[in-house]
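Just so you know, these numbers come straight off a predicted model, no measurement behind them. A note on names: the letters A, B, ... follow the listed sequences, proteins ahead of strands, and every chain is numbered from 1.
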Protein chains: 2
Amino acid sequence: MKAAARIGQVLSHFTVTAPERGTGEIASLLGLANSSAHELLNGLAETGLLQKQAPGRFRLGPLVAGLAQVLANTDGVIEAARPVVARTAEDHGETVHVVTLTGRHLAALSAQTGNRPVGVARGVISSETPLHAVGAGKLLLAQMPTAELLRLIETLELTGFTDRTVTARSHLRDQLSMIREDGFAEAVGEWHRDLATCAAPIRSHAGVCVAAFSLAVPLSRYELQPRAYRAIAIQAADRISARLGWQDIDRRAGQLPGGKSVSWDDVA
Amino acid sequence: MKAAARIGQVLSHFTVTAPERGTGEIASLLGLANSSAHELLNGLAETGLLQKQAPGRFRLGPLVAGLAQVLANTDGVIEAARPVVARTAEDHGETVHVVTLTGRHLAALSAQTGNRPVGVARGVISSETPLHAVGAGKLLLAQMPTAELLRLIETLELTGFTDRTVTARSHLRDQLSMIREDGFAEAVGEWHRDLATCAAPIRSHAGVCVAAFSLAVPLSRYELQPRAYRAIAIQAADRISARLGWQDIDRRAGQLPGGKSVSWDDVA
DNA sequence: ACCCGAATTCGATATTACCGAATGCTCAGC
DNA sequence: GCTGAGCATTCGGTAATATCGAATTCGGGT
């Protein structure tokens, strides 16, 4: 396997639920010999991508934080989203995320917890979040090029978490095409019984969906006024899109032609 | 060269001032053939550490943002610093950083810009920041194990930026030993003529300095009340240290025995 | 003091990272 | 519309190194 892929795999195993890992742990997770994992991890620790806490205990390192600062300062989406995220979290007191898709996993570009006593932790959106059970996941799936999407769906593990979880592929496909037309996705009690999430697309100047604006709300509050949260998410996403230079010509008349997505990875 | 080190190098070349790079660019920066750089960059883009904007144009990718979120949720220092950073930036309106040392470069663990019309951008602290010309750099140097520090100083490029920059190694060494005793460092107009920075150590429960709390202020405001900023930095750093479990037994009586620093990398 | 599990070291082998030359692509100038 | 320059990209051969398994050391627990 290529070195870059290997290192990506290693780093991806450092998660919110397991932020510290050992040599043997990584070895078995990747199916490598302990000695190989040892060399990898220690190498990464020397460069600063990881940090050695104790012999054989590793965490993500300072270089990650540094790179993230660069990203936060230079990435158009994050930059444009910053004030809107802060404002929305402040105004409504709910947890807010800006999310993209990395391969088959979600990644939070920014996160802000609400200020209410009962609320959702910022950790809900991470690489471990099941795509099919949160609003942002569904929305981002719905924006993918159709061919690629169909291939991906086949390989997704549609774990059932509650009785509301969508576990049938056909059902998911139907939902996604509706979401693509609506420009809005929600998942109410589909992952955790007491969690509701919804999301709206953030579009670049070219009209391509580059991220999702996501709201995570305790179910008890969400079901009091679902329409309101829907409006909040869409409005916030549109505001960010506007800051990215998107001209909302005819939001109601229809979406982009055929949902065609331009990605340079498609040249394969 | 080892793969981990190579990849660290590549990523480190994506900076605030040059957030987007091309194949040939990286190749010449690392002294590789174009084809090698090509394979590296595209590999990284596939894993999500980088993002391909156009053929041959790369930026940091969503995986970096995701990892940073993990770090922000699980790293004790960042976690403990979050409220203090927010509070300090809010109260005084100045730009605030939490900084560590990665090899020979600074890395910002968190950053918050002030809200004043005239203020310092958050980008001041990055891997490109000269160690010897900002408070955080000096402070972190001063906390290093002595032997390692002396070796590092010899290899530092003490570029002169203004007439106040410390460019003599002997002068720097003297300053650093004072800083270690004081538990405070400042750099007034040593990098940019109109910039003042100061920093105080953040200590873990074991008393080891794990990061620096840094204040970046326009010189015009700083020189009005330098003592006040000093107090703010020290107080904030101490507050964070307290949240990390540090018992400040005798701050005035003296520092840690000999400034001995425990690092698992020292076993070499 | 002893033992057990896990990390680390070490040498042999297969993988792949690297290079240089040839090709393809995009854009600027004519 | 054509041509040329500067890139990125592809490809095959070679040298470097990632990987493995066994032996050793280290640290925590009894």
Side-chain angles (χ1 to χ4, degrees), chain A residues 1-14 18-61 205-206 208 262-268, chain B residues 1-14 18-61 63 204-206 208 260-268:
Chain A
M1 175 173 305
K2 289 197 286 197
R6 168 112 323 149
I7 285 176
Q9 282 189 349
V10 172
L11 294 177
S12 299
H13 277 105
F14 290 84
E20 188 168 331
R21 314 220 83 140
T23 315
E25 213 171 337
I26 293 288
S28 66
L29 280 167
L30 299 201
L32 296 180
N34 289 14
S35 47
S36 308
H38 175 254
E39 188 170 348
L40 254 177
L41 290 170
N42 282 285
L44 288 171
E46 274 175 28
T47 72
L49 276 171
L50 293 181
Q51 200 172 5
K52 203 176 206 170
Q53 306 281 342
R57 303 306 306 173
F58 296 88
R59 279 173 172 268
L60 292 176
H205 66 99
V208 183
V262 179
S263 166
W264 287 104
D265 295 334
D266 292 347
V267 293
Chain B
M1 175 173 304
K2 289 197 284 195
R6 169 110 325 150
I7 285 177
Q9 282 189 350
V10 172
L11 293 177
S12 299
H13 276 107
F14 290 83
E20 188 168 331
R21 314 220 83 139
T23 313
E25 213 171 337
I26 291 289
S28 66
L29 280 168
L30 298 201
L32 296 180
N34 290 19
S35 47
S36 308
H38 174 255
E39 188 171 348
L40 252 178
L41 290 170
N42 283 285
L44 289 171
E46 274 175 28
T47 71
L49 275 170
L50 293 181
Q51 199 171 7
K52 202 176 203 169
Q53 306 280 342
R57 304 306 305 174
F58 296 89
R59 280 172 172 268
L60 291 176
L63 183 52
S204 75
H205 65 98
V208 183
K260 200 182 75 190
S261 168
V262 178
S263 165
W264 287 104
D265 296 333
D266 292 347
V267 293

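Partners of A/S35 by side-chain contact (heavy atoms from CB on, under 4.5 Å), not counting sequence neighbours, listed by chain and number: A/A33. Partners of A/T47 according to the side-chain contact (heavy atoms from CB on, under 4.5 Å) rule, which considers only residues two or more places apart in sequence or in another chain, are A/L49, B/A4, B/A5. For A/N34, there are no side chain to side chain donor-acceptor pair (under 3.5 Å) partners at least two apart in sequence or on another chain. Partners of A/E39 by side chain to side chain donor-acceptor pair (under 3.5 Å), not counting sequence neighbours: none found.
Within the 4.5 Å cutoff, the side chain of B/L11 has heavy atoms near those of the B/L50 side chain. Looking at heavy atoms from C-beta onward, B/Q51 lies out of side-chain contact with B/L60 at the 4.5 angstrom threshold. Looking only at side-chain heavy atoms (C-beta outward), B/F58 and B/E20 stay at 4.5 Å or farther from each other. You'll find the side chain of B/L44 reaches within 4.5 Å of the side chain of B/V10, heavy atoms only. Contact of the A/L41 side chain with the A/K52 side chain is not registered, since no non-hydrogen atoms from C-beta on lie closer than 4.5 Å.
Distance, B/L41 CG to D/dT10 P: 13 Å, rounded to whole Å. Rounded to a whole Å, the CZ atom of B/R21 is 14 Å from the P atom of D/dC7. When rounded to the nearest whole Å, the span between CG of B/L40 and C1' of D/dT9 equals 15 Å. For the pair B/Q53 CD and D/dA8 C1', the interatomic distance rounds to 16 Å; values are reported in whole Å. Here C/dT15 presents its P atom at 17 Å from CD of A/E39, a figure rounded to the nearest Å. In this entry the distance linking CG of A/N42 with P of C/dA6 reads 17 Å, nearest Å. Rounded to a whole Å, the NE2 atom of A/H38 is 16 Å from the C1' atom of C/dG5. Rounding to whole angstrom units, CZ of residue A/R57 and C1' of D/dG27 are separated by 14 Å.
Residues from residues 22-34 of chain A lying near DNA chain D, meaning a heavy-atom separation below 4.0 Å, are A/G31, A/L32, A/A33 in numerical order.
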So which protein N/O to nucleotides 4-6 of chain D N/O distances come out below 3.5 Å?
none

Heteroatom pairs (N/O) under 3.5 angstrom, protein to nucleotides 21-24 of chain C:
none

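Comparing A/A4 and A/G56 against DNA chain C, the residue whose closest nucleotide sits nearer the 5' end is A/G56.
Of the candidates D/dA8, D/dC20, C/dA17, the closest approach to any side-chain atom of A/A3 belongs to C/dA17.
Helical stems in DNA chain D, defined as runs of 3 or more consecutive Watson-Crick or G-U wobble pairs with donor-acceptor distances under 3.5 Å: C:1-30 with D:1-30.
Residue pairs meeting the salt bridge (charged side-chain N to carboxylate O under 4.0 Å, His left out) criterion with at least one member in residues 23-38 of chain B, sequence neighbours excluded: B/R21-B/E25, B/E25-B/R57.
A/K2 has no side-chain polar atom (N or O) that falls below the 4.0 Å cut-off from OP1 or OP2 of D/dT17. Contact between the side-chain N/O atoms of B/R6 and the OP1/OP2 oxygens of D/dT17 is not found at any separation under 4.0 Å.
In this structure, the separation between NE2 on A/H13 and CG on A/L29 is 4.5 Å, given to the nearest 0.5 Å.
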For this session: Evaluate side chain to side chain contact (heavy atoms under 4.5 Å, CB included) for A/L40 paired with A/I26, printing each intermediate quantity in order.
Result: CA-CA 10 Å; A/L40 254 177; A/I26 293 288; 6.0 Å; no

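B/S36 contributes no side-chain N or O that, together with a main-chain N or O of B/L32, makes up a donor-acceptor pair within less than 3.5 Å.
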